Amino acid sequence: MVYRIVRRVPRGTVVTYGQVAAILGHPRAARAVGQALRMLPPGLQRIVPWQRVINAAGRISHRGDVLRPDRQRALLEAEGVRFSRSGTVDLRRLRWRGPRREWIVKLRHEPPF
DNA sequence: AACATGACGTTGC
DNA sequence: CGCAACGCCATGT
């Protein structure tokens with residue numbers, strides 16, 4: 001479900017881990033969303049826009065990884081996402097509001113990618 | 001089965 | 001703004 005949802009996040013916008021969790025019906029599973037993305041097979045990184053998922057503070061999470069954050073920021077900037085001097089994204093402007101409610105149920109019987 | 005460990009979030013200083 | 005304490009969920013050992 002994580003992949004199904006993240007796949008639909010439009011270019012140039014972002015979502016938070018908790019937001020993805022909420023969309024898929026587990027509002028407190030933000031951490032698990034991170035797990036899912038961590039296990040994203042490299043071959044699917046072109047299909048699932050993992051770089052558009054950031055934390056609720058508007059920052060890129062760097063926990064347990066050193067190289068990924070820089071790459072993630074570069075990818076986002078390449079699609080027009082601007083970062084503040086302190087390295088935050090303006091969530092109020094760039095947050096994707098999510099799919100329509102009816103859409104979510106449909107996602108369930110669609111292929112994950 | 002128990003325990004540690006994260007791509008986390010909220011709350012309360 | 002920052003920081004710590006908890007709570008949460010899935011994995012790996």
Side-chain angles (χ1 to χ4, degrees):
Chain A
M1 280 304 288
V2 171
Y3 299 156
R4 282 194 258 253
I5 292 172
V6 173
R7 202 158 69 94
R8 313 208 60 91
V9 181
R11 230 181 105 86
T13 70
V14 293
V15 282
T16 70
Y17 298 94
Q19 195 182 343
V20 173
I23 290 172
L24 58 82
H26 281 104
R28 287 164 278 183
R31 232 171 161 155
V33 171
Q35 296 280 347
L37 292 178
R38 183 167 59 82
M39 299 173 208
L40 181 66
L44 291 177
Q45 293 189 5
R46 303 291 161 145
I47 306 172
V48 180
W50 57 271
Q51 72 272 22
R52 297 174 194 158
V53 186
I54 63 181
N55 65 32
R59 303 172 148 285
I60 289 175
S61 294
H62 52 280
R63 219 160 152 150
D65 218 330
V66 182
L67 305 180
R68 195 201 80 252
D70 285 342
R71 185 165 123 72
Q72 183 168 2
R73 174 164 177 164
L75 285 171
L76 284 175
E77 286 182 325
E79 40 185 85
V81 175
R82 312 289 299 275
F83 286 77
S84 75
R85 217 167 34 200
S86 55
T88 68
V89 172
D90 187 355
L91 279 174
R92 310 186 43 172
R93 287 198 321 126
L94 296 182
R95 183 201 292 272
W96 178 51
R97 299 305 176 184
R100 287 185 303 187
R101 192 71 184 86
E102 62 212 44
W103 241 80
I104 303 170
V105 276
K106 272 197 162 185
L107 279 179
R108 244 174 244 288
H109 18 118
E110 280 181 7
F113 33 78

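What you are looking at is a predicted structure, and each value in this text was computed from that prediction instead of being measured.
The distance between atom CG of A/Leu37 and atom C1' of B/dC8, rounded to the nearest whole Å, is 11 Å. Note: CG (A/Leu75) to P (B/dA7) measures 18 Å, nearest angstrom. In this structure, CH2 of A/Trp50 is placed 13 Å from P of B/dA7, rounded to the nearest angstrom. Between A/Arg71 atom CZ and B/dA7 atom P there is a gap of 16 Å when expressed in whole angstrom units. Counting to the nearest Å, the C1' atom of B/dG9 and the CD atom of A/Gln35 are 15 Å from each other. One interatomic measurement links the two molecules: CG of A/Leu91 to P of B/dC8, which rounds to 14 Å at whole-angstrom precision. The distance between atom OH of A/Tyr3 and atom P of B/dA7, rounded to the nearest whole Å, is 14 Å.
For the pair A/Arg73 and A/Phe83, the distance from NZ or CZ to the six-membered ring centre is under 6.0 Å and the angle to the ring normal is within 45 degrees.
Nearest approach of A/Gly12 to A/Leu94, heavy atoms of both residues: O-CD2, 3.9 Å. Nearest heavy-atom pair, A/Arg4 versus A/Leu107, reported as atom, atom and distance to 0.1 Å: CD-O, 3.0 Å. Across all their heavy atoms, A/Val6 and A/Pro49 have their closest contact at O-CG, 3.2 Å.
Comparing B/dT5 with C/dC8, their C1' atoms sit 13 Å apart, to the nearest whole Å. A gap of 22 Å separates the P atoms of C/dC6 and B/dA7, to the nearest Å.
Crowding of A/Arg8 atom CZ: a count of heavy atoms from other residues, nucleotides or ligands under 6.0 Å not exceeding 12.
In this structure a side-chain-to-backbone donor-acceptor pair under 3.5 Å is missing from A/Ser61 to A/Arg63. Listed for the A/Gln19 side chain is a donor-acceptor partner under 3.5 Å among the backbone atoms of A/Trp96.
DNA chain C is contacted by both A/Met39 and A/Arg31; A/Arg31 maps to the nucleotide lying nearer its 5′ end (nearest heavy atom per residue). Comparing A/Ser86 and A/His26, the nucleotide of DNA chain C nearest to each residue sits closer to the 5' end for A/Ser86.
Close approach of DNA chain C to chain A, defined as any atom under 4.0 Å from a non-hydrogen atom of the protein, starts and stops at C/dG7 to C/dT11.
Heavy atoms of A/Arg38 sit under 4.0 angstrom from at least one base atom.
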